[in-house]
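Each chain gets a letter, A, B and so on, in the order its sequence line appears, and its residues count up from 1. Keep in mind that the numbers below use all heavy atoms, side chains included, and drop hydrogens, waters and symmetry copies.
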Number of protein chains: 2
Amino acid sequence: MLRISKLSDYAIIILGHMAKAPSQTFAANDLAGSAGIGGPTVSKVLKALVKAHVVRSTRGPKGGYQLAQTPEKTSIASIIAALEGPIALTECSIDLSHCEQASSCNVRGNWSVINRAIHAALEAVTLADMAITPPMGSDGFHIPVKDITFQPRRNPEQ
Amino acid sequence: MLRISKLSDYAIIILGHMAKAPSQTFAANDLAGSAGIGGPTVSKVLKALVKAHVVRSTRGPKGGYQLAQTPEKTSIASIIAALEGPIALTECSIDLSHCEQASSCNVRGNWSVINRAIHAALEAVTLADMAITPPMGSDGFHIPVKDITFQPRRNPEQ
DNA sequence: TTAAAGAGGACTAAAATGGTCCCCAATAAA
DNA sequence: TTTATTGGGGACCATTTTAGTCCTCTTTAA
């Protein structure tokens with residue numbers, strides 16, 4: 001299923017709401033209301049986003065959360081990384097020492113290529129892209145899908 | 001962490017071994033031995049790969065498993081899909097009806113763009129790419145990373 | 001006929017995930 | 001200076017998912 005976690009999903013929804021007023025400060029509870037997600041859960045998500053410097057927080061009355069950067073500069077990769085840690089499809093891409101197959105694994109290094117490709121894909125799309133509602137292409141997508149290209153050149157030196 | 005499951009990981013390792021002799025038939029137990037993975041687990045993985053037509057099986061003595069296509073034609077996407085079902089980062093990309101945020105989610109359609117990009121990345125790399133051991137670039141990667149490009153064009157019609 | 005393979009699926013233990021709660025710290029306003 | 005409002009940090013537990021094992025049945029070559 002290659003899923004992102006629900007919390008990451010929530011994060012993008014929440015940040016999507018914040019992106020509508022990028023310099024405004026939002027209380028966690030208000031965001032919970034407008035996103036239709038439970039209060040404590042929204043808090044948990046926002047705390048993680050603060051740690052990762054995706055949003056800034058202010059305490060006290062009239063406090064709340066605010067985007068740390070413009071929606072255009074906030075990549076989906078950074079949001080997912082905030083909630084799930086480093087983006088890597090396999091354990092050994094992060095820490096090889098735990099891999100028990102290491103000796104018989106002849107596939108290792110090549111994962112890195114895929115990881116980079118996926119990271120690039122998530123880095124290339126920003127909160128601004130996600131937050132845009134309709135007015136878009138006839139197929140329902142704002143970003144023309146045909147314009148997303150992925151072209152690895154294979155084995156050129158073999 | 002945006003991981004693939006261990007079983008998908010095993011699948012790629014197992015298929016990597018099979019790719020060394022693409023037309024040979026391998027018994028599940030032999031593959032377990034050479035991959036350093038438990039026998040029953042290897043069987044489980046191979047059964048899923050048969051269902052998805054990634055490998056073919058033959059019963060009876062001298063039976064076993066064989067790649068259904070050449071390693072060059074076997075994409076990583078098809079392998080992961082065999083073990084984890086459709087590749088989609090969010091639930092609602094597969095089935096919108098279960099989404100409780102639907103009404104307040106202003107981010108929906110745009111996931112599709114990311115999903116396609118990731119699918120493209122996994123489709124573009126094949127078993128042949130993964131199975132190649134060393135002889136490669138100075139950084140340890142066979143496929144030059146610089147040659148992997150991802151270029152969404154943003155909001156051109158706005 | 002037999003033995004060596006895979007097919008299908010039930011079952012369990014362990015790990016990850018999601019969600020809630022509690023108490024502490026900061027701070028604006030009364 | 002007090003109080004009320006907001007976030008910070010982390011513990012905790014229920015649930016779900018995942019991984020791994022096992023059992024019985026089917027196929028088929030020798």
Side-chain angles (χ1 to χ4, degrees), chain A residues 1-11 13-14 18 24-33 35-68 80 82-85 89-91 94 98-101, chain B residues 1-11 13-14 18 24-33 35-66 68 80 82-85 89-91 98-101:
Chain A
M1 304 161 180
L2 197 70
R3 298 280 161 75
I4 59 169
S5 71
K6 274 193 177 187
L7 295 187
S8 298
D9 200 354
Y10 293 159
I13 294 174
I14 293 166
M18 296 177 71
Q24 188 180 326
T25 295
F26 299 85
N29 268 322
D30 296 348
L31 287 169
I37 304 171
T41 302
V42 169
S43 282
K44 187 178 194 172
V45 168
L46 286 166
K47 286 174 198 173
L49 291 171
V50 169
K51 268 194 187 168
H53 307 290
V54 174
V55 302
R56 279 193 302 260
S57 65
T58 319
R59 293 190 183 186
K62 307 273 179 185
Y65 297 91
Q66 187 185 21
L67 291 181
I80 293 180
L83 282 130
E84 318 193 19
L89 293 190
T90 54
E91 202 59 58
I94 296 171
H98 291 354
C99 178
E100 293 164 11
Q101 273 76 43
Chain B
M1 302 165 186
L2 197 69
R3 297 281 161 74
I4 58 169
S5 72
K6 274 195 178 187
L7 295 188
S8 298
D9 199 354
Y10 293 161
I13 294 175
I14 292 166
M18 295 177 71
Q24 188 180 327
T25 296
F26 299 86
N29 268 322
D30 296 348
L31 287 169
I37 305 170
T41 301
V42 169
S43 282
K44 186 178 195 171
V45 168
L46 286 167
K47 286 175 198 171
L49 292 171
V50 169
K51 268 193 187 169
H53 306 291
V54 174
V55 302
R56 280 193 301 261
S57 66
T58 319
R59 292 191 183 188
K62 306 275 177 182
Y65 298 90
Q66 188 184 21
I80 293 179
L83 282 129
E84 316 192 20
L89 293 190
T90 53
E91 202 60 57
H98 292 354
C99 180
E100 293 163 9
Q101 273 77 45

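- The distance from atom CG of A:L31 to atom C1' of D:dT6 is 13 Å, rounded to the nearest whole Å.
- The CD atom of A:E84 sits 11 Å away from the C1' atom of C:dT17 (whole-angstrom rounding).
- Rounding to whole angstrom units, CD1 of residue B:I14 and C1' of C:dG6 are separated by 15 Å.
- For the pair A:L49/A:L83, a side-chain contact is recorded, criterion being any heavy-atom separation below 4.5 Å from C-beta on.
- Both key distances under 3.5 Å define a Watson-Crick or G-U pair, and stretches of 3 or more such consecutive pairs in DNA chain C run C:1-30 with D:1-30.
- For A:A52, the side chain to side chain contact (heavy atoms under 4.5 Å, CB included) criterion is met by A:V54, A:A82, not counting sequence neighbours.
- Taking the side chain of B:A27 as heavy atoms from C-beta on, and the options C:dG6, C:dG19, D:dG7, the nearest nucleotide is C:dG6.
- Between A:S5 and the phosphate of C:dA16, there is no side-chain N or O to OP1/OP2 separation shorter than 4.0 Å.
- Atom C1' of nucleotide C:dG18 and atom CD1 of A:I37 are separated by 12 Å, given to the nearest angstrom.
- Phosphate contact (OP1/OP2 of D:dG20, side-chain N/O of B:Y10, threshold under 4.0 Å): present.
- When all heavy atoms are compared, the tightest approach of B:M18 to B:Y65 is CE-O, 3.4 Å.
- Rounded to an integer number of Å, the gap from A:N29 CG to C:dC21 C1' is 14 Å.
- Here the options are A:L46, A:I14, A:L7, the test is side chain to side chain contact (heavy atoms under 4.5 Å, CB included), and the partner is A:T41; only A:L7 passes.
- Atoms CZ (B:R3) and P (D:dT18) sit 14 Å apart, rounded to a whole Å.
- A:N29 and A:G39 get closest at one heavy-atom pair: OD1-CA, 4.3 Å.
- Residues forming a side chain to side chain contact (heavy atoms under 4.5 Å, CB included) with B:T25 (at least two apart in sequence, or on another chain): B:Q66.
- Summarising the geometry of B:A68 relative to B:R56, their closest heavy-atom pair is O-NH1, 3.5 Å, with the distance given to 0.1 Å.
- Note that OG of A:S57 and NZ of A:K47 are 11.0 Å apart. Values are rounded to the nearest 0.5 Å.
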Could you list, one pair per line, each protein nitrogen or oxygen that sits under 3.5 Å from a nitrogen or oxygen of nucleotides 26-30 of chain C, together with the distance?
unit_1, atom_1, unit_2, atom_2, d
C:dA26, O4', A:R59, NH1, 3.1

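- Residues passing the side chain to side chain donor-acceptor pair (under 3.5 Å) test with A:S5 are A:S8, A:E84, sequence neighbours excluded.
- Under the rule for a side chain to side chain contact (heavy atoms under 4.5 Å, CB included), the partners of B:A27 that lie at least two apart in sequence or sit in another chain are B:D30.
- Scanning residues 40-56 of chain A for heavy-atom distances under 4.0 Å to DNA chain D yields A:K47, A:V50.
- Rounding to the nearest 0.5 Å places CG of A:L31 at 12.0 Å from CD1 of A:I13.
- The nearest whole Å value for the distance from the CG atom in A:L7 to the C1' atom in D:dT15 is 14 Å.
- Distance B:L83 CG to D:dT18 P: 11 Å, rounded to the nearest Å.
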